[in-house]
Amino acid sequence: MRLRQIEVLHAIMQTGSVTGAAKLLNVSQPSVSTVLQHMEAQLGMQLFRRSGGRLKPSPEAEALLPEVSEIFRRVNRLSQNARSLARGRLGRITVAGTLALSNGYIVDAVSIFGQSHPDVDVTIHSLQTPDIIERVMAREINLGVCYGEINNSGLFIEELAKGAMICVMPENHPLANKKSIEITDLAGETLITYDDGDVLRAKVESLFEEFDVHPNLSLQVSQTITAIRLVHHGAGLALVEPFYFAAIQPPGLVARPISPVQQLSAYLIRPVDAIESAALTAFIEILRNIARSDKSKA
């Protein structure tokens, strides 16, 4: 049976007449009669019998009714889902960020987004910047949020937020009394920072070279959370990006900006020719609003 035949069968069952079915389907009465005749000939059985001016389903048609009704329930559900997709109320979003940004801006955005888009599935990946770029380019991820200077003609790149590198220390450390930490203040300190190859490690090294300061950089990490936990356990001071610390506000620790200021930018990245769903557009706007709110607080 073709979908059009099933549609006619369902309409006649609902209205009890060819005329009523034609009005319901907004077609002519002869066209409904023709479809019904062809359907009965194709199936080799009578589907309706005339009784008291109305068409009564035959036992065979009655046996088909549950399947026919289920088809139309699914068609209606499909229509509802299509309307929801158009309004950004249904679908799937996959977003990736560095660990710091995933646990800061992205988590905040997902929490707000979920309240207004409860039927949209969201997946968050925490990855390093090169991996985020690669997977966004491969269309495995809808949206990336990462650091660094990104030059890629296949990506739409938008600055989301600005920050500056910070020095994290125990709140009772002598340097905690200062509003900002000079690089020369760190001479002789045990410092925790990122390992070789990280986009932020180069900023740290260039600072010490410029001021000819030689701190103890024996503790190297790949994630900001590891550095902050090491500071908590008294292993040293950490030179890290600011976003994760601001998101978790760890008790017993304070953060001070580095002087001279080392600016960092967080970027939204998307494939240049990707067509955004309504849900993704709404999610991106929430991210932007969170970043703008942080700027206004600063």
Side-chain angles (χ1 to χ4, degrees), residues 97-105 108 126 128-130 145-151 157 159-267 290-298:
T98 64
L99 184 63
L101 294 168
S102 291
N103 285 278
Y105 287 133
D108 291 345
S126 294
Q128 298 284 358
T129 294
V145 185
C146 51
Y147 303 118
E149 297 300 324
I150 304 168
N151 296 304
I157 303 165
E159 187 178 72
L160 176 66
K162 282 185 177 180
M165 290 195 73
I166 56 174
C167 182
V168 179
M169 66 195 75
E171 60 187 2
N172 59 357
H173 192 280
L175 292 177
N177 294 321
K178 302 192 65 172
K179 291 185 178 179
S180 64
I181 306 300
E182 304 287 339
I183 291 303
T184 51
D185 293 333
L186 300 174
E189 296 283 352
T190 297
L191 297 183
I192 307 155
T193 194
Y194 302 103
D195 53 21
D196 294 333
D198 191 284
V199 293
L200 302 182
R201 175 62 182 265
K203 286 185 173 288
V204 174
E205 291 184 339
S206 64
L207 272 174
F208 290 119
E209 288 176 7
E210 180 182 352
F211 289 88
D212 195 28
V213 174
H214 305 283
N216 178 7
L217 290 174
S218 59
L219 289 173
Q220 303 177 37
V221 299
S222 61
Q223 302 289 356
T224 306
I225 184 175
T226 309
I228 291 175
R229 285 186 59 80
L230 284 168
V231 175
H232 177 75
H233 288 287
L237 311 185
L239 294 182
V240 292
E241 51 76 28
F243 300 107
Y244 186 74
F245 186 93
I248 64 171
Q249 294 291 318
L253 302 181
V254 295
R256 299 290 181 262
I258 298 297
S259 179
V261 173
Q262 297 299 297
Q263 290 284 356
L264 300 174
S265 291
Y267 295 96
I290 290 171
R292 283 194 288 264
S293 176
D294 275 1
K295 289 176 185 176
S296 67
K297 290 176 185 176

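This is a predicted model, so every value here is computed, not measured. Computation of the quantities below employed the complete heavy-atom set of this structure, encompassing side-chain atoms and omitting hydrogens, waters and symmetry-equivalent molecules.
Contact of the Ser126 side chain with the Leu101 side chain is not registered, since no non-hydrogen atoms from C-beta on lie closer than 4.5 Å. Side-chain atoms of Pro260 and Leu207, non-hydrogen and from C-beta on, do get closer than 4.5 Å to each other. Taking 4.5 Å as the limit, some side-chain heavy atom of Phe245 sits within range of a side-chain heavy atom of Ile228. Between Glu241 and Tyr194, the closest side-chain pair of non-hydrogen atoms falls below 4.5 Å. No side-chain heavy atom of Ile248 sits less than 4.5 Å from a side-chain heavy atom of Asn103.
Aromatic ring orientation, Phe243 versus Tyr147: parallel (interplanar angle below 30°, classes split at 30° and 60°).
At distances below 3.5 Å, at least one donor-acceptor pair connects side-chain atoms of His173 with backbone N or O atoms of Leu175.
In this structure, Leu186 CG and Met169 CE are separated by 7.5 Å, a value rounded to the nearest 0.5 Å. A distance of 8.0 Å separates CD1 in Ile183 from OG in Ser259, rounded to the nearest 0.5 Å. Here the CZ-CG distance, from Arg201 to Asp196, works out to 4.5 Å after rounding to the nearest 0.5 Å.
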For the pair Ser180 and Arg256, evaluate side chain to side chain contact (heavy atoms under 4.5 Å, CB included) and give the outcome as yes or no after the intermediate values.
CA-CA 5 Å; Ser180 64; Arg256 299 290 181 262; 5.8 Å; no
So Leu217 and Thr193, side chain to side chain contact (heavy atoms under 4.5 Å, CB included) or not? Walk me through it.
CA-CA 7 Å; Leu217 290 174; Thr193 194; 4.0 Å; yes
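Counting non-hydrogen atoms of other residues, nucleotides and ligands closer than 6.0 Å to CZ of Arg229 gives a total of 12 or fewer.
Side chain to side chain, His214 and Asn216 fail the donor-acceptor criterion of an N or O pair below 3.5 Å.
The two residues Pro170 and Val231 have their closest heavy-atom pair at CD-CG1, 3.9 Å. Across Thr190 and Ala235, no two heavy atoms sit closer than the pair CG2-O, 3.5 Å.
Residue Ile166 is tested with Val240, Leu264, Val254 for a side-chain contact (heavy atoms from CB on, under 4.5 Å); the sole match is Val240.
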